[in-house]
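Notes to accompany the following structure.
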Amino acid sequence: MEREERYRPQAIEPKWQKMWQDERMYFVQAREDKPKFYALVMFPYPSGDLHMGHMRNYTIGDVVVRFQAMRGYNVMNPMGWDSFGLPAENAAIKDGVHPAQRTPDNIARMKDQLYKMGLVYDWDREVASMSPDYYKWTQWMFLLMYRRGLAYRKKAAVWWCPNDKTVLANEQVVDGHCERCGAEVIKKDLVQWFWRITEYADRLLDDLDALDEWPDRVRTMQRNWIGRSTGAEIQFPVEGHDAVIRTFTTRPDTLFGATFLVLAPEHPLVDEITTPEQREAVRAYVDQARRQSDIERLSTEKEKTGVHTGAYAINPMTGTRIPVWIADYVLVTYGTGAIQAVPGGDERDYDFALKYGLPIITVVEPPASRVASAGPNNTDPSIAPVYKQGHDVPVYTSYEGTMVNSGPLDGMAPQDAKQAIIQLLEAEGKGRATTTYRLRDWLISRQRYWGAPIPIVYCANCGEVPVPEEMLPVVLPLDVEFKPGGESPLARLESFVNTTCPNCGGPAKRETDTMDTFVDSSWYFLRYCDPHNEEIPFSPDLANYWMPVDQYTGGVEHAILHLMYSRFLTKVVADAGLVNVQEPFRRLFTQGMITKDGAKMSKSKGNVVPVDFMVETKGADTARLFSLFIGPPDEDAEWSDQGADGMFRFLNRVWRLFEGNVMVVDETGAERDLGDYSPSDRDLLRKVHLTIRKVTNDLERFHFNTSVSAIMELSNAMQSYREAHGPETAAYSIAATNLLLLMAPMSPHITEELWHRSGGQGSVHMQPWPEFNEELAAAEVITLVIQVNGKLRDKIEVPADVSEDEATTLALASPKVQQFLDGGTPRHVRYVPGRLVNIVV
RNA sequence: GCCGGAGUGGCGUAAUGGCAGCCGCGCUCGACUUAAAAUCGAGUGGGGAAACCCGUGCGGGUUCGAAUCCCGCCUCCGGCACCA
């Protein structure tokens, strides 16, 4: 290599990018002679420009791909575009450029940026959700759902974003605000399309247990979101009416303590049972509840309020007449929208009972030990009974204790009483065991333009008719006025709306809502397996070969929405026999954000570090390596231009390690006897093999920051060796070869360049991953730490195979130890082989 | 309130029962240079002249030995939250 030539990434990176692309190095087919590895990074929304925050994600994915390919896997690494969605439509409204025009431009720009970062994809598998070739099959998925009874239309109170002028799924509402634009959402009664994800709630929950290569955080979030609780539904007849109020409770054992019922203000029976005397008060309360924003209403700080309907219900076990109230702390959307209030066993009911003077009965007597250990100042009713406002009956919510005042349940433990009362209720037809979920059905219709049309027509004769498969796709028309106005812009396009019924041929109207873009992204990983199939969404054989995704990488912000919808769709597709995996993503990695000036990079904040800038000034390898080195990849990290400069300096040092006549070797292991190496050769080879072990383990476990630091240590060792012995030794060649191989997945260009310059055959990326050699890594001399009373006092060099007796004798002979022994004898000596001697005096 | 996760030099971090601070940033000094940049070298937790002492959010505990394990707090981040 020319001595004077400097490292100029701009001169070498494009050359190798072109080579990887021209040689189709990462384009793959299903084959049986190699194990498969499906690597996937969440496909991006094509907003146009990528910054280093995005690049951390794609770099991680690329390292996985190149690493697993070197390890001999048949690696599929596809890329595509989540190209339907609101931002393009909103931009179109603002400046008149049609999304169908703008989006391909954005895709081209982003593709170029991915290319310049040296990211390698199988571009033959590229998909874009906006393409009719793709959304034809998204519509097919809708029909599959419809056929299986999982797609239905109903009028419901749904979340509406007044800014984006569309409905939102429950999952897209965060703290009462639109997940996308941040506007406060409101409730509207609308007829909408839903997918019955609740039917899969149990499977979605139970199968989480088997996803042991997912972060616990994500699994916990999904568990919370599904929110399964088991209990009982109990029927309370209303006095003087045919109506029966059904309540849901997780504590049916406390039924004998139910002294009133509470309905949500929106409960359908409210009007029917309210007495004339209470009509005015009830109406006022309902109005007031409706006017409140959900944020106000759901505040736990607020004092509980309610009003008596005037009606009474009968406690089915005691026969007691108990009043029926309405209160806004009961939610119409959860359980049955009605509860049995047990003030003695529930703090909310207790507060409510105290405020309105309702009766309180103790049904669970706590063990004396609990009361004693909680002490007199306890304020937590889940620990011990609490007497609020000096009332003589306490509230106590724990399961521990004995049933009292509960007829046949008296003396039982609450857990046993729970089973017993359910049996009694079921025997008498007054209730049943049941399970409820926090999870709601997935609202998939949107009143917006830039999405896949829902393939349904409405016929005056036949009613709701699914568009037959052979007539797909229902093409999204381009000549549309996309100003939103509360209904889909498609509704104003008569040429789209008016059609004929596929059933009877009579006049019909098309559904004008489009699908939530999360539908598009819930199955794209299946399409990648067989992206050009024109007959079916994907061939089951190919999907069965590639699925599941072995490594899925993306942002934790998708922990609930995208990841749960994808799991749901995969299960439905599996139930239909199209693929034989129940879970789409075997291993999940959620990477942290890169911040700049303490905030997420965004154009509006002006704190982005653009890809083009990084590539032009320091090169793709520096950008890649620094984004891996910046910190643990699952945590957020702050971008530092100075840190990136440091990484550029490191690559310059690596470059200079190859100055002079440095040759890489084909066999990366030792091809000579250990005895032929000098002691400093052996030291270098030891470092090489320790680094092979460290980097291999770290890349498997996604500890990229520590692999980079291990590689830096190796390069420092090579630098020292080179100064003493020059670069033309066998040991140095072996070190140089392994340095390039270990760095190749992370900094692919410089390694490819140096590999070729140093006589390497073929691409560095097609070489086998280096093997760790235990023998070469073994040390002949080790440093033994000597502690006195657990504190470091001395270090001695000893042969690696030193015996305990020898080590102990050497340690006791240390002058430092003698000083601390002060003439006495040690009380105790502990030897940890190969590590330390601890002397207790 | 409940459930997770995290608190270590000036900064990003490393060490998950055995040498606290690897690697890097920054900083200081030195070499090269007319000079600067680049590069290279030395140093860099605090105190102390040194021996040594102190030090991983706070308080206790287990252990020969604790950043790491246990108990009790504090702070920050994320999720859920009047969910019956």
Side-chain angles (χ1 to χ4, degrees), chain A residues 6 174-175 215-225 227-229 231-232 247-252 254 262 264 297-304 327-331 333-342 345-349 351-352 380 382 397 436-438 556-557 559-560 592 626 629-632 634-647 649-650 652-653 656 694 703 705-716 719 723 783-795 816 819 826-841:
Chain A
R6 289 184 53 217
V174 179
D175 288 336
D216 283 340
R217 179 166 57 142
V218 173
R219 292 199 287 174
T220 305
M221 280 164 71
Q222 292 211 358
R223 281 193 192 101
N224 287 343
W225 189 263
R228 176 164 71 190
S229 35
T247 65
F248 173 74
T249 178
T250 53
R251 293 295 301 270
T254 64
V262 187
R297 178 166 162 187
L298 295 178
S299 162
T300 49
E301 314 294 307
K302 201 181 67 170
E303 199 185 338
K304 296 190 187 0
D328 61 8
Y329 78 92
V330 175
L331 308 176
T333 50
Y334 186 77
T336 58
I339 60 158
Q340 57 161 347
V342 182
D346 182 289
E347 195 172 9
R348 292 157 302 177
D349 299 343
D351 292 341
F352 196 81
D380 182 352
S382 70
T397 62
T436 63
Y437 304 86
R438 217 190 71 98
V556 73
E557 66 274 18
I560 295 172
F626 184 60
F629 184 65
I630 194 165
D634 53 342
E635 289 171 27
D636 292 352
E638 171 75 11
W639 183 264
S640 148
D641 288 326
Q642 286 175 329
D645 288 343
M647 194 53 73
R649 284 199 290 273
F650 167 68
N652 274 282
R653 284 199 294 276
R656 288 195 300 273
K694 170 99 180 131
H703 292 186
N705 52 332
T706 50
S707 358
V708 176
S709 113
I711 283 168
M712 287 173 167
E713 284 185 56
L714 175 60
S715 87
N716 290 344
Q719 172 68 29
E723 276 162 23
T783 305
L784 211 53
V785 167
I786 312 218
Q787 296 181 333
V788 176
N789 292 337
K791 274 196 177 13
L792 172 73
R793 292 303 173 189
D794 202 359
K795 293 180 190 182
K816 295 277 177 77
Q819 189 185 323
R827 206 148 52 93
H828 186 72
V829 178
R830 179 162 303 245
Y831 174 63
V832 181
R835 281 188 184 274
L836 60 79
V837 178
N838 187 16
I839 296 155
V840 187
V841 299

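When reading the values below, keep in mind they use all heavy atoms of this one structure, side chains included, and skip hydrogens, waters and symmetry mates. To find a chain, count down the sequence lines: A is the first, B the second, and so on, and within it residues start at 1. Treat the numbers as computed from the prediction; the structure is a model and nothing was measured.
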How far does the C1' atom of B:rA50 sit from the matching atom of B:rG18, given to the nearest Å? 29 Å
Can you give me the closest heavy-atom contact between A:Pro826 and A:Ile839, atom names plus distance? CB-CG2, 3.6 Å
Opposite nucleotide pairing with [N], Watson-Crick or G-U, both atom distances under 3.5 Å:
N: B:rU68; result: none
N: B:rG21; result: none
N: B:rA50; result: none
N: B:rA15; result: none
N: B:rC82; result: none
N: B:rC76; result: B:rG5
N: B:rA42; result: B:rU28

Short side-chain N/O contact to [N] OP1/OP2 from [X], under 4.0 Å:
X: A:Arg656; N: B:rC40; value: yes
X: A:Arg223; N: B:rC2; value: no
X: A:Asn224; N: B:rC83; value: no
X: A:Thr250; N: B:rC83; value: no
X: A:Arg649; N: B:rG26; value: yes

Counting only side-chain heavy atoms from C-beta out, which of [options] sits nearest to [X]?
X: A:Glu713; options: B:rC22, B:rG18, B:rC64; answer: B:rC22
X: A:Gln642; options: B:rG24, B:rG26, B:rU13; answer: B:rG26
X: A:Arg348; options: B:rC83, B:rC53, B:rG4; answer: B:rC83

Any side-chain to backbone donor/acceptor pair from [X] onto [Y]? Under 3.5 Å, distance only.
X: A:Thr397; Y: A:Ser382; value: yes
X: A:Gln222; Y: A:Ala559; value: yes
X: A:Asp349; Y: A:Val342; value: yes
X: A:Asn705; Y: A:Ile630; value: no

May I have the distance from [X] (atom [atom1]) to [N] (atom [atom2]), rounded to whole angstrom?
X: A:Arg830; N: B:rC19; atom1: CZ; atom2: P; answer: 15 Å
X: A:Asn705; N: B:rG24; atom1: CG; atom2: P; answer: 14 Å
X: A:Met647; N: B:rU13; atom1: CE; atom2: C1'; answer: 12 Å
X: A:Arg653; N: B:rC23; atom1: CZ; atom2: P; answer: 11 Å
X: A:Phe626; N: B:rC23; atom1: CZ; atom2: P; answer: 17 Å
X: A:Met712; N: B:rA14; atom1: CE; atom2: P; answer: 14 Å

Give one of base, sugar-phosphate or nothing for [X], where a contact means two heavy atoms less than 4.0 Å apart.
X: A:Lys791; result: sugar-phosphate
X: A:Arg228; result: nothing
X: A:Asp351; result: nothing
X: A:Ser229; result: sugar-phosphate
X: A:Leu836; result: base

Tell me which of A:Asp380 and A:Asp349 sits closer to the 5' end of RNA chain B, going by the nucleotide each one is nearest to.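 The residue whose closest nucleotide sits nearer the 5' end is A:Asp380.
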First encountered from the 5' end of RNA chain B, between A:Arg835 and A:His703: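 That would be A:His703.
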Using the glycosidic torsion, which applies to B:rG30: syn (within 90° of 0) or anti (everything else)?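 Glycosidic conformation of B:rG30: anti.
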Quiz item: A:Asn838 side-chain donor-acceptor pair to B:rC64 base, under 3.5 Å: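 Answer is yes: a donor-acceptor pair is held.
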Can you find a donor-acceptor N/O pair under 3.5 angstrom joining the side chain of A:Glu635 to the base of B:rG5?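 There is none.
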Is it true that the side chains of A:Tyr329 and A:Asp351 contain a donor and an acceptor less than 3.5 Å apart? no
